[in-house]
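The first residue in the sequence is number 1, and the count goes up from there. As the structure lists them, so they are numbered: ligands from 1, and atoms in each ligand from 1.
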Amino acid sequence: MDALRRMEYRGYDSAGIALVSEDALVSAKKAGKLANLEAELEASPLPASHLGIGHTRWATHGAPTDTNAHPHLSASGRVALIHNGIIENFASLRAELETGGVRFRSETDSEVAAQLVGRAVDEGLSLADAMRAVAGRLEGTFTLVAIDVQTPDTLVAARRNSPLVVGVGVGEMFVASDVSAFIEHTRDAIEMGQDVIVEVAADRYRVTDFDGGEAHGKPYHVDWDLSAAEKGGYDWFMRKEIYEQPRAVAETLLGRFDADRRLTLDEIRISESELRTIDKIVIVACGTAFYAGLVAKYAIEHWTRVPCEVEIASEFRYRDPIITPHTLVVTISQSGETADTLMAVRHAREQGAKVIAICNTNGSTIPRESDAVLYTHAGPEIGVASTKGFLTQVAACYLLGLYLAQVRGTKYGDEIAAVMAELESMPAKIQQVLDRTDEVVALARELADRPSFLFLGRHVGYPIALEGALKLKEIAYLHAEGFPAGELKHGPIALVDEGIPVFVVVPPRGRDQLHDKVISNIQEVRARGAYTVVLVEEGDDEVAPYADVRIELPHASTLLQPLLAAVPLQIFACEVATVLGHDVDQPRNLAKSVTVE
Ligand code: F6R
């Protein structure tokens, strides 16, 4: 149950377990949060066992009910199976099984796998061979884990595209979607490749491919411990992760210089000569990671003068994008498991492009399938709404941009060093933002009953506006929209009426007219009755007459301001959601890593 609790962030609409006990499979399944299953097990405990499987679900096929919860049992009751992913050809397989007399208990695609594996072991195959045979028939994405009452010392897992890691303990072994499930017991993990079967007993494991040939996982040691996966006194993981941002960003930046103060991104295994031939950069990501990419575009183009496009991963491969061997594709993914992004990686590589993954999760699929990886080293992010993930993604993209500028000679060494010095000053400034959040918290309490919010920004402030709006949508369930401040007058300004809160990211005063233009945009909405909340550099008094509320940020240059401006918006959303009584870490309808397309 502890392991399931740590996995709950990946899906939380129902949960279940199955155990091998004596000569029988026993199981319990409950719709709703894990607490419901816990209550059920307290009321009617299952017998002791040393082999079991458990699952928390994010529904794709079939509503979140007790019967649709996993594990699913085979018709004879001999096999129990859990599944992550989507079985795309489930309808034809189900029809085949039903014609053969199998009566399905659930509406899920997953039960098809349980019934097929059950039928195969009933026909005499070992559980591993049954899983292999079934894996070969399934289309789509899956991690399957099954137990067979007749082999009570071994479980078998099969993996295609959905995550799976093995944890190696002393006299005990684990398999899970990610290491936080077993981090309490062991930090030694084995990364599983694609299309593998793993048989696991208490003291051994064996990896084979879908054809039965020997295969090998890649062992690694997890560099964080259980405390990183616990709330540490905070009410929400999200709040803890917001407050971890100074350290997380510092970790992203750590150790990136050699003795001559030249940037060295050791993990980038693409040669400098290849990076010099790049004529286009395409950043591909989803959600918050996509917004990190939008921020990065401004910096990367400015520093490298290479055109940089940013694309939503789920749209990427379906529009026949122009990708050549001279395109550098950069994917951004906190989890490293997002199916849309993974498919974009594969598509880009098929077109001959080099792919660099910016990722937070060691051992995950996207970095493994990419040509190179830049880890963000933010530590585990468990709150469903990404916070430290976002800031560290921006920081890592900036490192990459500066590195490309160094390799391609588009910036002098001292210019790069100056930006790096400023980047290295950001953790302390983020801390300053976190040290004065009283005003944002009070504002959240004041505005929590408003039905609608607008967020405006220009330049790098625009993706910050999008991110501020997304945070509020996903955890507070409030209508919120982000716009480029200059675009408002082309339509969306019609949304502005008396009292609507409009958050505006004001760029620092500087060399261009950006600052003054944003001030004009604030006046435009204020003139129409908006309640203006401005995020502004401290000491910038020009905006004062038009601001109902000022949230002050320490000084940063335009390109680096997003690392500060995002923070009050995260706190605002977290607080509004808390006031409204929502589960901040597990917002409705969402899951942390979206491993289905
Ligand atoms: C929003 C959020 C999502 C993720 C998106 C990509 O707070 O968390 O929008 O950013 O699902 O996830 P990763 O970065 O794991 O690929």
Side-chain angles (χ1 to χ4, degrees), residues 9-11 58 161-163 177-178 180 236-239 241-242 245 248 252 283-296 310-316 329-345 355-370 373-376 378-397 455 463-464 466-478 480 482 566-567 569-574 577 582-597:
Y9 73 95
R10 304 179 77 99
W58 183 76
N161 291 335
S162 293
S177 295
D178 93 41
S180 37
W236 306 114
F237 276 110
M238 180 183 180
R239 205 186 301 273
E241 287 156 8
I242 291 171
Q245 291 181 112
T252 309
I283 300 179
V284 189
C286 305
T288 287
F290 170 71
Y291 297 151
L294 285 182
V295 173
V310 191
E311 177 117 19
I312 289 189
S314 54
E315 291 293 316
F316 178 68
V329 172
V330 179
T331 61
I332 309 175
S333 175
Q334 188 286 128
S335 63
E337 299 293 353
T338 301
D340 290 319
T341 312
L342 176 61
M343 296 308 162
V345 170
V355 178
I356 296 180
I358 290 181
C359 182
N360 191 37
T361 311
N362 207 315
S364 57
T365 310
I366 290 171
R368 203 181 42 245
E369 295 208 11
S370 302
V373 53
L374 192 54
Y375 282 113
T376 49
E381 189 181 66
I382 292 168
V384 163
S386 184
T387 52
K388 65 177 178 174
F390 176 71
L391 253 56
T392 54
Q393 285 160 353
V394 172
C397 286
F455 292 77
I464 295 303
L466 293 172
E467 173 61 3
L470 178 62
K471 289 285 93 93
L472 207 53
K473 280 186 253 207
E474 65 183 331
I475 57 172
Y477 317 148
L478 292 173
V567 178
L569 301 182
Q570 298 166 341
I571 291 173
F572 181 78
C574 183
H582 299 320
D583 185 333
V584 168
D585 287 334
Q586 297 181 346
R588 68 184 181 201
N589 306 339
L590 296 177
K592 180 68 181 165
S593 36
V594 185
T595 49
V596 293
E597 263 189 289

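By the side chain to side chain donor-acceptor pair (under 3.5 Å) test, Gln393 is found to be paired with no residue, residues two or more places apart in sequence or in another chain being considered. In terms of the salt bridge (Lys or Arg N to Asp or Glu O under 4.0 Å) criterion, residue partners of Arg368 (sequence neighbours excluded) are, by chain and number, Glu191.
The residue among Thr338, Thr376, Thr387 with a heavy atom at the shortest distance from atom 16 (O) of ligand 1 is Thr338.
Each of the following atoms of ligand 1 lies closer than 4.0 Å to a heavy atom of Gly287: 9 (O). For ligand 1 and Gln334, the ligand atoms under 4.0 Å from any heavy atom of the residue are 13 (P), 14 (O), 15 (O), 16 (O). Interface atoms of ligand 1 facing Ser333, defined by a heavy-atom separation under 4.0 Å, are 13 (P), 14 (O), 15 (O), 16 (O). For ligand 1, the atoms lying closer than 4.0 Å to a non-hydrogen atom of Ala289 are 10 (O), 14 (O). Interface of Val384 with ligand 1, defined as ligand atoms under 4.0 Å from a residue heavy atom, comprises 8 (O).
Looking at Ala385 next to ligand 1, no N or O pair under 3.5 Å apart turns up.
Side-chain contact check for Asp178 and Ser180: at least one donor-acceptor pair (N or O, by modelled atom type) lies under 3.5 Å. One side chain, Glu381 or Ser386, offers a donor N or O that lies under 3.5 Å from an acceptor on the other.
Residue Phe237 comes nearest to Gly383 through the heavy atom pair CB-N, 3.6 Å, listed as atom of the first residue, atom of the second, then distance.
Under a 4.0 angstrom heavy-atom cut-off, Cys286 registers as being in contact with ligand 1. Look at Ile366 and you'll find every heavy atom at least 4.0 Å from all atoms of ligand 1.
Side chain of Tyr477 to backbone of His582: no donor-acceptor contact under 3.5 angstrom is found. Not one N or O on the side chain of Thr376 forms a donor-acceptor pair closer than 3.5 Å with the backbone of Thr252.
The protein heavy atom nearest to atom 7 (O) of ligand 1 is Glu474 OE2, 2.5 Å.
Contacts with ligand 1 closer than 4.0 Å are made by side-chain heavy atoms of Lys471 only, the backbone lying farther away.
Contact annotation: the side chain of Val310 never approaches that of Tyr291 to less than 4.5 Å [non-hydrogen atoms, C-beta and beyond].
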